[in-house]
Amino acid sequence: MSPSVSSPFVGALKTLKRPDLFIADAFVAGQWVSPTSTFPVYEPSTGQVLGSVANMTRDDFVTAIKSADKGYRAYSTSTTAHERSALLRKWYDLIMQNKEDIATILVLENGKTYAEAVGEVAYAASFVSWFSEEASRAYGDVIPSSMPNTTVMTMKQPVGVCGIITPWNFPAAMITRKIAPALAVGCSVVIKPPSETPYTAAALVKLAVEAGLPADVIQLLPTKDREAATEICTSPIVKKVSFTGSTKVGIHLSKLAMGTMKKVSMELGGNAPFIVFEDANIDLAVQGAMVCKFRCSGQTCVCANRIFVQKSVAKEFTAKLVAEVEKLKVGYGLDKETTQGPLVNRNGVEKVKQHIEDALAKGARLETGGGVPKDVDPSGFFILPSVLSGVTTDMMVASDETFGPLAPIFEFETEEEAISMANNTEFGLAGYFFSTNIGRCLRVASALECGLVGVNTGKISAAESPFGGVKQSGVGREGSMYGLAEYYVIKAVTIGNTNA
Ligand code: SIN
């Protein structure tokens with residue numbers, strides 16, 4: 001299907017060096033397929049339709065899963081770890097060669113700024129490069145046996161066909177973080193990209209096949225049909241499901257996957273605390289808050305959701321944070337001066353507004369922001385970056401992930417109180433704190449109930465660092481040396497009677 005594109009975006013798409021990377025089709029059984037049914041994808045800064053993308057059915061998923069099973073059997077047995085490593089390296093090179101085009105496509109469907117999009121493409125590619133190196137490191141063990149004349153050894157083997165369900169906030173990086181380790185160990189993948197951002201996924205798949213990946217080892221099926229996507233979690237052929245998204249959906253998918261005892265990785269919701277102690281370097285803390293609160297316009301699972309500041313420094317921190325927030329320039333992601341893009345959809349904007357209104361009604365103060373910026377398309381999904389002070393634990397922002405550019409400031413008196421407030425949530429993905437006291441740094445890092453802790457930094461995501469949560473923020477780890485383990489199974493081989 002030649003992509004149907006709405007006129008306002010033709011100009012931006014004309015800048016692509018490789019227009020063939022803008023693909024509206026699905027990739028099933030080694031072919032780009034254009035079904036009759038499509039769904040619209042919106043451009044967030046205007047709210048207009050960017051294009052129409054293949055809407056795949058449950059039958060299409062059945063076909064793709066069968067093809068991926070065939071692909072897995074050949075790929076896992078006919079390639080060496082070194083060949084898979086070389087293939088991933090080639091894919092990495094192709095992603096980096098085309099990073100400007102992928103970034104442009106990403107801005108058009110997600111809304112984030114071009115600079116952030118280029119950064120995301122490099123972040124996405126870093127997982128491919130990392131796992132191309134890890135491909136050769138899936139060592140087994142030789143274990144001293146308790147029985148005479150016996151050797152016990154382990155082999156790490158690919159789990160099989162993997163179902164990959166990804167979110168819209170990182171349309172490139174969340175795909176590579178999941179599929180690079182899968183492909184490194186010899187699995188095949190069936191990807192359901194987010195319906196908000198399917199174009200970036202298609203560009204990545206096209207480049208993977210160009211890099212030499214056997215075509216049936218990777219399948220891409222955009223859909224709006226939740227029933228169709230559940231085939232990934234119920235098909236007995238699929239052996240592993242990896243999902244990033246909300247806790248509610250993650251629990252639902254995990255229950256479905258347990259019906260056939262699949263391995264699961266779930267990277268789910270967060271409610272990240274960000275604590276500023278009175279012994280912190282306040283300028284550094286403000287810088288950290290800007291990075292981890294306003295990245296992707298506040299739409300990441302690891303964004304600070306609750307900012308706790310010790311009473312004695314609350315005024316200073318608030319004033320400095322407000323000054324930085326007021327420097328942000330909200331607008332169209334492809335405009336060079338924009339530092340904050342729109343949110344991905346109208347619901348996102350409504351949620352931020354609801355959190356602000358609820359907090360103000362319960363006594364919080366709006367320090368800056370709160371409305372829609374001037375000089376933007378009123379049909380776009382924009383909201384000003386906002387700061388609230390005087391926030392208390394009875395307000396919605398205390399327990400509900402805002403997923404938008406709102407920084408709510410709570411005050412505390414003691415370290416014990418800060419830790420108790422920080423841990424008072426069913427979530428446990430990321431947590432941050434700022435302090436110059438080494439004893440406190442070690443104590444608080446250990447006490448926070450999170451999978452990821454940033455100490456004196458707001459930047460914690462990297463290919464080499466394990467990413468994942470505790471409590472209801474999920475199970476499993478992505479990236480790092482641990483990310484590979486999610487895609488293999490350990491087989492114990494006992495060789496007996498070695499004296500016979
Ligand atoms: C996410 O929001 O799910 C991922 C954020 C990251 O990788 O830093």
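Order of appearance sets the numbers: ligands from 1, and atoms from 1 within every ligand. None of these values were measured; they are calculated from a predicted model.
Set against the non-hydrogen atoms of Thr300, the atoms of ligand 1 under 4.0 Å away are 2 (O). Interface of Asn169 with ligand 1, defined as ligand atoms under 4.0 Å from a residue heavy atom, comprises 1 (C), 2 (O). Below 4.0 Å from some heavy atom of Arg177 lie the following atoms of ligand 1, by number and element: 4 (C), 7 (O). Annotation for ligand 1: atoms under 4.0 Å from non-hydrogen atoms of Met174 are 4 (C), 7 (O). Numbered from 1 in the order shown, with element, the atoms of ligand 1 that lie under 4.0 Å from a heavy atom of Phe467 read 4 (C), 5 (C), 6 (C), 7 (O), 8 (O).
No donor-acceptor pair closer than 3.5 Å links the side chain of Glu478 to the backbone N or O of Pro466.
The residues Glu210 and Arg18 are annotated as salt-bridged, a charged nitrogen and a carboxylate oxygen being separated by less than 4.0 angstrom. Salt-bridge check for Arg443 with Glu415: passed, with a basic side-chain N closer than 4.0 Å to an acidic carboxylate O.
Checked by distance only, ligand 1 and Cys301 come closer than 3.5 Å through their nitrogen or oxygen atoms. Considering both main-chain and side-chain atoms, Gln299 never comes within under 3.5 Å of ligand 1 through any nitrogen or oxygen pair. Residue Arg295 places at least one N or O, backbone or side chain, under 3.5 Å from an N or O of ligand 1. Considering backbone and side-chain N/O atoms, Tyr123 comes within less than 3.5 Å of an N/O atom of ligand 1.
When hydrogens are left out, the protein atom nearest atom 8 (O) of ligand 1 is Ser461 OG, 2.5 Å; that is the closest non-hydrogen contact. Shortest contact from atom 5 (C) of ligand 1 to any protein heavy atom: Phe170 CE1, 3.7 Å.
Annotation: cation-pi geometry not satisfied between Arg306 and Phe274 (NZ/CZ under 6.0 angstrom from ring centroid, within 45° of ring axis).
By the criterion of a heavy-atom distance under 4.0 Å, neither the backbone nor the side chain of Ile460 is placed next to ligand 1.
The two atoms that bring Leu268 and Gly250 nearest to each other are CD2-CA, 3.7 Å, heavy atoms only.
With no hydrogens or angles considered, no side-chain donor-acceptor pair links Tyr75 and Arg84 at under 3.5 Å. Side-chain contact annotation: Lys263 with Ser242, donor-acceptor N/O pair under 3.5 Å absent. Between the side chains of Asp394 and Thr392, at least one donor-acceptor pair of N or O atoms lies under 3.5 Å.
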